[in-house]
Amino acid sequence: MAEIRDLSHFVHHLDGGLARMELAVDGIVCGACMRVIEGGLAAIPDITLARVNLSNRRVAVEWRDGKVDPVRLIDRLSELGYRAYPYDASRAAADVEQETRKLLRCLGVAAFAAMNIMLLSVAVWSGNASDISPEQRDFFHWLSALIALPAAAYAGRPFFHSALRAVATRRLNMDVPISIGVLLALGMSVIETSQHATHAYFDSALMLLAFLLAGRTLEQAMRRRTRAVAGNLAALRAETATRFIGPDELAVVPVASIRPGDIVLVRPGERIAVDGVVTEGRSEVDQSLVTGETLPISASKGSMVYAGTLNLSGTLRVKVSVAERGTLLDEVTRILDHALEARTHYVRLADRAARLYAPLVHATAFTTMIGWIAFGATLHDAIITAIAVLIITCPCALGLAVPAVQVVASGSLFRAGVLLNSGEGIERLAGVDTILFDKTGTLTLPEPEVINAADLPADRLVLAGRLALASRHPLAAAVARAARAKAPLAAVEEPGQGVRCECEGVELRLGRPSFCGVECAAQSFDADPEASAIAFAYGGERYVLAVRQRLRGDAAEVIAKLKRGGFRIEILSGDRASAVAHAAHMLGVEHWHAGMTPADKIVRIAALQSQGRNVLMVGDGLNDAPSLAAADASLSVATAAHLAQAAADAIFLGDRLTPVTAAIAIARRARQLMRENLLLAIAYNAVAVPIAIFGFASPLVAALAMSSSSILVTVNALRAKPREPDRWKS
Amino acid sequence: MEVLIYLVPLALALGLLGLGGFLWSLKTGQYDDLEGAAWRAVMDDDAQGPGPEEGRK
């Protein structure tokens, strides 16, 4: 059957007869890769641009439209040793990019304006101490106003918009006091300047904006990095389907372009990409990613199959019933949305600070004004002093306190193999005291392994491995991995049975025990009910290999460490009781629950939460997605279902479970530093506010206080970095 | 103090020039890949350099 790969969904047509595609590339690690990829792609004629973005591990390629087949780009990259996947830039990703640029533009304007106004202010301050004439001072102040007013109108928009939105919904966020402070400082300075006063606060207002925008930009940069990683993971999952475009003509197309009614072909070993009804073929389907159940179910004409499940033994033709949004997926998504909604009740540390802070400073400013009037000052002087209090308390350091720590901590997490999905995930992770693990794919490795490879003579194992390469069955893939086989043998596949071939006059068979002439193999694995058997026949010799999902290498160690750390550990699994009990016994976990549906898991989490526990859920399957969202904090595996990753606070990479402990340790340290930073900011206010209340807050004092406190919290945030830099290890 | 007549416009112009430069660098995407830019700076040749086959002389 002819088969083509259709990538047109990912190709963007530009003006001037050019086409553009972005590819997420696996395995770019350093500058050398960048050069190999760019050089290798540029060598193809008609390619006009190939540029690697090392920060988000993507390559953008442009070529003369129609002259290059996009498939060739992927083939070329694979010749160079990189696996590449077409990347579909989503709407959300584009929004993040745009937001980043907007913030950087505002930051640039605010910073340049602040610098230039400071230039003028220093002249005024030194002039005030020596021989500046009132006319010259007014001139400098008006000049400052000329720069400050348009710059603040432009650079202040992120704060003004957010403050307006907050006020409109009758909430209070940090942007409300910020906006009030900036507007009052500017307004007062203009009025004072028109009355030939000595002091104007144009520099303070702009400096405040610049520092706060720096904090926002840092926060945004972190968000952008995690989005980029999540986007690449989605592309790497290669959500494609093989669709019939003629009676026996096939095309590999992205799932997004599949419509209900299409017929797709699912080969053995492929993941089913859509929900649908089997129209032809007979096979077994592994639903573990969806339900957590590890025993495969059988599928034949008329059975319903679901997206995310794995086709094991035979080729199926599936008529798509619902594309993208399936009934089962829909159900999971519905519970997920519900759970996510509940989590938004979490109040971030910074917002909690803001709720306390805003009423407090406004009350202080008001009291100051009343106090000065009571002690006989003029209304004008009292108002000026009150505004000075507002300016000096404006949350410069407070605005940097949390984002600066978040950025440094997310960098540390990144190096520990944990990719953060949301900024406040750090805060939530730091507070957990109960950890719930899913079993399949989380405590165990996602791919099954041969556990008795040593039973075979080495040369037989190599032959079995090479034969296994001819099949796409997951059990065969496990045999191939165990033998580290590279060169496949030319074999015939018997659907649903196994593969066989002739090698040097001997018949080799690999597949079901019955296919290989082994009848009563099942008994030999009585001790290990989770193992599946695959047999290998070499002429008259028969071997039975046991394949099972193995626990992650360091799982027992990590669990023991967490238990020593005082965490309550539980296993929540959708799998059968015998399988879960076995894993729990191996890991020394006393509390385990088997056969749980997504709803059961949520009930268990809610029960623990009602006991006042903070729950961390670690899971990977579609069935875990709602519980990941319902838990106080959640971690998911990089091989997990897309929906599960989207619901988790963070994703960890690799075959080890250690990132779980690392993530909690880093998060706890980060939360400690955030609190320290907030304390530093409060201490600063404790010193600066009395100065302002008693009327000594000149613009010079305000400038010094603001910049020193901001630098202090930023330097403190850098301590979130691990002591020994290990960035070259990964 | 007549020096202010040309020093002030000069200072403003220099400030605007700096800001213009920053906005230009932002617009041309120079902050899109900070990690990659760090490596490009230490590479021997420009972006259109030799491919991997002919890379080593």
Side-chain angles (χ1 to χ4, degrees), chain A residues 28-44 49-60 76 79-81 97 100-105 107-117 119-120 123 131-133 135-136 139-140 143 146-147 151 217 221 224-225 228, chain B:
Chain A
I28 302 186
V29 284
C30 67
C33 306
M34 210 156 80
R35 197 169 127 182
V36 169
I37 291 174
E38 288 181 356
L41 285 175
I44 302 177
L49 173 95
R51 196 167 172 93
V52 173
N53 186 325
L54 193 60
S55 306
N56 56 23
R57 310 290 198 260
R58 279 182 214 140
V59 55
R76 177 70 182 149
E79 283 166 30
L80 296 171
E97 286 296 313
T100 310
R101 286 192 172 205
K102 187 179 141 195
L103 276 174
L104 267 176
R105 265 201 311 272
L107 174 62
V109 169
F112 274 97
M115 280 191 273
N116 283 289
I117 297 170
L119 209 70
L120 299 165
D131 60 346
I132 197 169
S133 69
E135 293 76 28
Q136 281 168 348
F139 172 65
F140 274 78
L143 210 55
L146 180 74
I147 306 171
T217 314
R224 186 174 134 194
R225 175 153 76 180
Chain B
M1 280 297 144
E2 288 73 27
V3 74
L4 287 181
I5 291 165
Y6 58 87
L7 272 187
V8 165
L10 189 67
L12 284 180
L14 282 175
L16 279 177
L17 193 72
L19 179 59
F22 173 75
L23 293 180
W24 168 78
S25 66
L26 184 63
K27 199 170 178 182
T28 48
Q30 300 192 24
Y31 298 94
D32 289 353
D33 180 19
L34 294 174
E35 255 177 85
W39 282 98
R40 284 180 207 276
V42 294
M43 279 189 207
D44 294 335
D45 41 26
D46 57 2
Q48 294 295 319
E53 300 91 345
E54 60 267 40
R56 290 272 146 76
K57 280 173 200 146

Next item on the list: Applying side-chain contact (heavy atoms from CB on, under 4.5 Å), name anything that partners A:Ala60, two or more places apart in sequence or on another chain.
Entry: A:Arg20, A:Glu22
Notebook entry, point to check: To the nearest 0.5 Å, how far apart are CD in A:Glu38 and CZ in B:Arg40?
Noted result: 4.0 Å
Show me the donor-acceptor pairs within less than 3.5 Å that the side chains of residues 6-14 of chain B make with the rest of the protein, sequence neighbours left out.
none

Next item on the list: Any chance you could measure B:Phe22, atom CZ, to A:Leu107, atom CG, to the nearest 0.5 Å?
Entry: 6.0 Å
Checklist line | Region of A:Ile147 in contact with chain B, defined by heavy-atom distances below 4.5 Å | finding: side chain
Notebook entry, point to check: What residue in A:Leu120, A:Asn116, A:Leu104 has the most heavy-atom pairs under 4.5 Å with chain B?
Noted result: A:Leu104
Item checked: chain A contact via B:Leu19 - which portion, at a heavy-atom distance below 4.5 Å -> both
Item checked: Least distance between heavy atoms, A:Arg101 atom then B:Lys27 atom -> NH1-O, 3.7 Å
Notebook entry, point to check: For the atom pair CZ (A:Phe139) and CG (B:Leu4), what is the distance rounded to the nearest 0.5 Å?
Noted result: 6.5 Å
Check: How many angstroms lie between CG in B:Asp32 and CZ in A:Arg58, if you round to the nearest 0.5 Å?
Finding: 11.0 Å
